[in-house]
Amino acid sequence: NAGVTQTPKFQVLKTGQSMTLQCAQDMNHEYMSWYRQDPGMGLRLIHYSVGAGITDQGEVPNGYNVSRSTTEDFPLRLLSAAPSQTSVYFCASSPTTGGHQPQHFGDGTRLSIL
Amino acid sequence: KQEVTQIPAALSVPEGENLVLNCSFTDSAIYNLQWFRQDPGKGLTSLLLIQSSQREQTSGRLNASLDKSSGRSTLYIAASQPGDSATYLCAVSSSNYQLIWGAGTKLIIKP
């Protein structure tokens, strides 16, 4: 099984550009989420989804959009990139609601905004 | 607001030692607590999940304990090996199902 697949692994953007970080899982998990990880800090939840067609905001949603048209895919869109969005982004999934079962993580996307 | 703290931020020990990693949280109203491992350039791997009603969980050389009343959890690693070198993170889940994370302890096991 591929598990949780994130693309791209690395990306450099200029301020103001937009892009989509891709996340796909092949485990038929209902719950998917996006986190960002910054040096010296814990992971922070950006957006999450409890099933296809349902999304909600996490702790730090500003500047990001998500959609969940299928169970498998949960893309994260940066609308107008800012240097403060330089971070490592992780996508995770779990069979049901995220905090109640162990989550499966992708390998991350390392994003730099110049 | 729930806050999760992991001290120390980094730890270096010789191979073969038993060691303890610490995690503390400010609000005892948690649903569960989880320990994860993160290797450089990789995602996170779930190690142990302790439900709020449990006191400990064990997996191989790993043992995690939970004391809700004092807001503390420990991850005990027995007979440490160089392959245990990684960053270890803890996270707590409250009734809203979201995880609140500590910043992690970077562990180095010296051969």
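Residues A:Val60 and A:Phe74 fall within the same hydrophobic cluster, defined by Ile, Leu, Val, Met, Phe, Trp and Tyr side chains chained together at heavy-atom separations under 4.5 Å. Taking hydrophobic clusters as Ile, Leu, Val, Met, Phe, Trp and Tyr residues chained together by side-chain heavy-atom distances below 4.5 Å, B:Val13 shares a cluster with B:Leu62. Connection of B:Tyr31 to B:Val4 is not established within any shared hydrophobic cluster, with ILVMFWY side chains joined at heavy-atom distances below 4.5 Å, either directly or through further cluster members. Transitive grouping of hydrophobic side chains (ILVMFWY, heavy atoms separated by less than 4.5 Å) brings A:Met19 and A:Ile46 into a common cluster. There is no path of hydrophobic side-chain contacts, each under 4.5 Å, that joins A:Tyr31 to B:Ile100.
Atom-to-atom distance recorded for B:Gln98:CD and A:Arg44:CZ is 14.0 Å, nearest 0.5 angstrom. Interatomic distance, OH of A:Tyr48 versus CG of B:Leu99, reported as 11.5 Å (0.5 Å rounding). In this structure, A:His104 NE2 and B:Thr45 OG1 are separated by 10.0 Å, a value rounded to the nearest 0.5 Å.
The neighbour count for A:Arg77 CZ, taken as heavy atoms of other residues, nucleotides or ligands under 6.0 Å away, is above 12. Counting heavy-atom neighbours within 6.0 Å of B:Ile7 CD1, excluding the residue itself, gives a total of 12 or less.
Here A:Tyr89 pairs with A:Tyr64 under the side chain to side chain donor-acceptor pair (under 3.5 Å) rule; sequence neighbours left out. In this structure, the ring-ring contact (aromatic ring centres under 6.0 Å, His included) partners of B:Phe36, at least two apart in sequence or on a different chain, are A:Phe105, B:Trp101. Under the side chain to side chain contact (heavy atoms under 4.5 Å, CB included) criterion, A:Gln6 pairs with A:Trp34, A:Phe90, A:Cys91, A:Thr109, sequence neighbours left out.
Of the two parts of B:Leu89, only the side chain, counted from C-beta on, holds a non-hydrogen atom closer than 4.5 Å to a non-hydrogen atom of chain A. Interface remark: A:Leu43 contributes backbone and side-chain atoms alike to the contact with chain B (heavy atom separation under 4.5 Å).
Within residues 102-111 of chain B, the residues having any heavy atom under 4.5 Å from a heavy atom of chain A are, by residue number, B:Gly102, B:Ala103.
Between A:Arg110 and B:Lys42, the closest heavy-atom pair is NH2-N, 3.7 Å. Of all the heavy atoms in A:Gln103 and B:Ser46, the pair that sits closest is O-CB, 4.3 Å.
Looking at B:Gln38 and A:Gln37, their side chains do bring a donor and an acceptor atom within 3.5 Å of each other.
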